[in-house]
Amino acid sequence: MNRLKIAVTKGRLLEDSLDLFEQMGFDCSEVRADTRKLILPISNYPMDVVLSKAADVLTYVSHGVCDLGIVGKDTIMEHGGSFYEMLDLGFGKCRFALAVPDGSDFYGTYQNRVVASKYPNVTKAYFAEKGMDVSVIKIEGSVELAPLVGLSNGIVDIVQTGTTLKENGLTPIETVAPVSARLIVNTASMKLHQAEIFDLMDRIEAVIK
Amino acid sequence: MNKTIGTPEGTKDRLFSECGAFRRVEQSVLKVFRCQGYCEMTTPNVEYYDLISAAGHPMAQESMLKIIDRTGKILVMRPDCTVAMGRVAATKLTGLPLPLRLYYNQMVYRSDDVNTGARSEIDQCGVELIGSSGIRADLEVISLAIASLDACGLRDYHIEIGHAGYFDALLDALHLNDSFREQLKELVEAKAFTAFASCLKPFAGEPAAEALLQLPRLFGGPEVLETALCPNESAAEVLAYLKNLYQVLKDAGLSSRVQFDLGLIHTIEYYTGMVFRGYSEGAASNVLSGGRYDKLIGKFGQDVPATGFALDVEAVASCLPQPEHLPPETVVWYDLQSLGPAMEIVKTYPEGTAMLSCAESAEDAQKEAIGLGASRLVLVCNGEKREVSL
């Protein structure tokens, strides 16, 4: 059997992914061992785990250097790419929301709205769908800051519990899209290593259902 | 460093062995096309934007390289060869008996996001078989695709066949609106199992919906044609057609090269029937892509069916071992009375293994030959040839 390579997003998603793999009976001890290595084997299944940043998961899978990837829908929506987005893994759940300063009326004006976001493509697509012109400004750090200092009228960001928003005087007023972790597959790998990939997917599905 | 000395984003120079491997693929494929009676055409590197957009090509406007011409019209660098071939067939070849067999060897251009490693120039070799709607035309282009990849020396590859009609038949049975159809199409193309299943929940129990639910997994060997459900007449017709196609390919000894993917729905709107892609070990996406497009040429005023494919030369070349770049074996130095004989002598060695020396003296020529790694120096003085081993 061909050894599969799976790129997994570091951080929360990696923890959840490893929990999933362990439920499937995979030995993740080498991945969990605190080393600086970035490519780590699953010892009892023909698969290597490649640790990478979210957007890079898409890049590695699109270019076919990793057969599969685990990445949030938020990253897929923002960056796109050509791959199969096969399974919703059900963890890493949160949502994209439009949040505005408490008590402000985002839509109640004809004036041009300014929206700050770490996800300018998602934000643009959302308002384009509504047929609404907004100015989108990309922010790299804490987006909550933008409306507080007067840069924007609202933000589009990932919301998990809403605590950070609340503490900064912001209220989520709309859900832009739900988000969760996805299993993505390189299009050529899917066709060339169908048996291996379906075996893995069947094992995943057996656990997440 | 001067920023404009490099090559533009998404382009590259091909040197020596890389160029050799590239040309070898190109020449092998073109020979297969010619041997099967196809005739070459070239078209301009630019087309009217309106023409491409009328053809239903799905490439986003921002992904095309655009130019405003001297009359103010919008031109695009050729984003697709088939549209150009279809335009020619509809406007210039109307008097010829059908079917037409055309081939091309030209580039398509893309302007995608920067810093992704995506190519802006993609060299394609492809064929169009115009004016025949029967199974023989589909068989001809599929076997031509297999013959082309074989001729390149590719080993581990297969052609995957789908059909635009199967998916359409299932959707028709559910009477969906256009935007929902489009959404389902994208999900199947992305093989997004989970999202696809939840979209179909409202239709649970309907036979067509059951068949659709299977779709993302319906790829692999010919057994998928048996597994596929046929809830209505048109779906059954498509499956029967594909089975028939497979039987003929099998009888021709090509079954090991053929697989099926009923979820292969080219988002390119102009495909109407059988569609296919080629996958090879070593390439991150398909190396070849094609299918039947019976409505495209009609958009240019001539309603004729057509089928064809394009092969990505660079992608195929990258799957093959690169030939080593060898130094010349023989260097030929001549005195200024002996240019003619020297040129003749170079020609007597196998192609690419001998060259003239530009050195001013025989001694310098010897140094030059040693520096190049040659094994032989030939001196031509007063028309007389003398060999020096190095």
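Worth knowing before you read on, the calculation uses all heavy atoms, side chains too, and leaves out hydrogens, waters and symmetry mates. Numbers restart at 1 for each chain; the letters A, B, ... are given by sequence-line order, proteins then strands.
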So which atom in [X] and which in [Y] form the shortest heavy-atom distance, rounded to 0.1 Å?
X: Thr194(B); Y: Asp88(A); value: OG1-N, 2.7 Å
X: Gln194(A); Y: Phe219(B); value: NE2-O, 2.6 Å
X: Ala283(B); Y: Ala188(A); value: O-CB, 3.4 Å

Can you confirm whether more than 12 heavy atoms, excluding those of [X], are under 6.0 Å from its [atom1] atom?
X: Lys37(A); atom1: NZ; value: no
X: Glu223(B); atom1: CD; value: yes
X: Arg12(A); atom1: CZ; value: no
X: Asp133(A); atom1: CG; value: no
X: Arg155(B); atom1: CZ; value: no
X: Lys243(B); atom1: NZ; value: yes

Original post:
Under the side chain to side chain contact (heavy atoms under 4.5 Å, CB included) criterion, do Arg217(B) and Met86(A) qualify, and how do the steps go?
Top reply: CA-CA 10 Å; Arg217(B) 273 200 184 229; Met86(A) 304 196 74; over 6 Å; no
In terms of heavy-atom pairs under 4.5 Å with chain A, the winner among Asp156(B), Val287(B), Asn286(B), Thr116(B) is Thr116(B)
Region of [X] that comes under 4.5 Å of a non-hydrogen atom in chain A:
X: Glu281(B); answer: both
X: Asp261(B); answer: side chain
X: Ser280(B); answer: backbone

Between the CG atom in Leu192(A) and the NE2 atom in His158(B), the distance rounded to the nearest 0.5 Å is 5.5 Å
Across all chains, not counting sequence neighbours, the side-chain hydrogen bond (donor to acceptor under 3.5 Å, both in side chains) partners of Gln214(B) are none
Residues 47-74 of chain A vs chain B, non-hydrogen distance cutoff under 4.5 Å, contacting residues -> Ser62(A), His63(A), Gly64(A)
### Message
Between Glu85(A) and Lys191(B), is the salt bridge (Lys or Arg N to Asp or Glu O under 4.0 Å) condition met? List the steps.
### Response
CA-CA 6 Å; Glu85(A) 182 192 325; Lys191(B) 300 213 184 294; over 6 Å; no
Subject >> Worked check of side chain to side chain contact (heavy atoms under 4.5 Å, CB included) between Lys191(A) and Gln259(B) >> reply: CA-CA 9 Å; Lys191(A) 301 305 165 62; Gln259(B) 299 218 355; over 6 Å; no
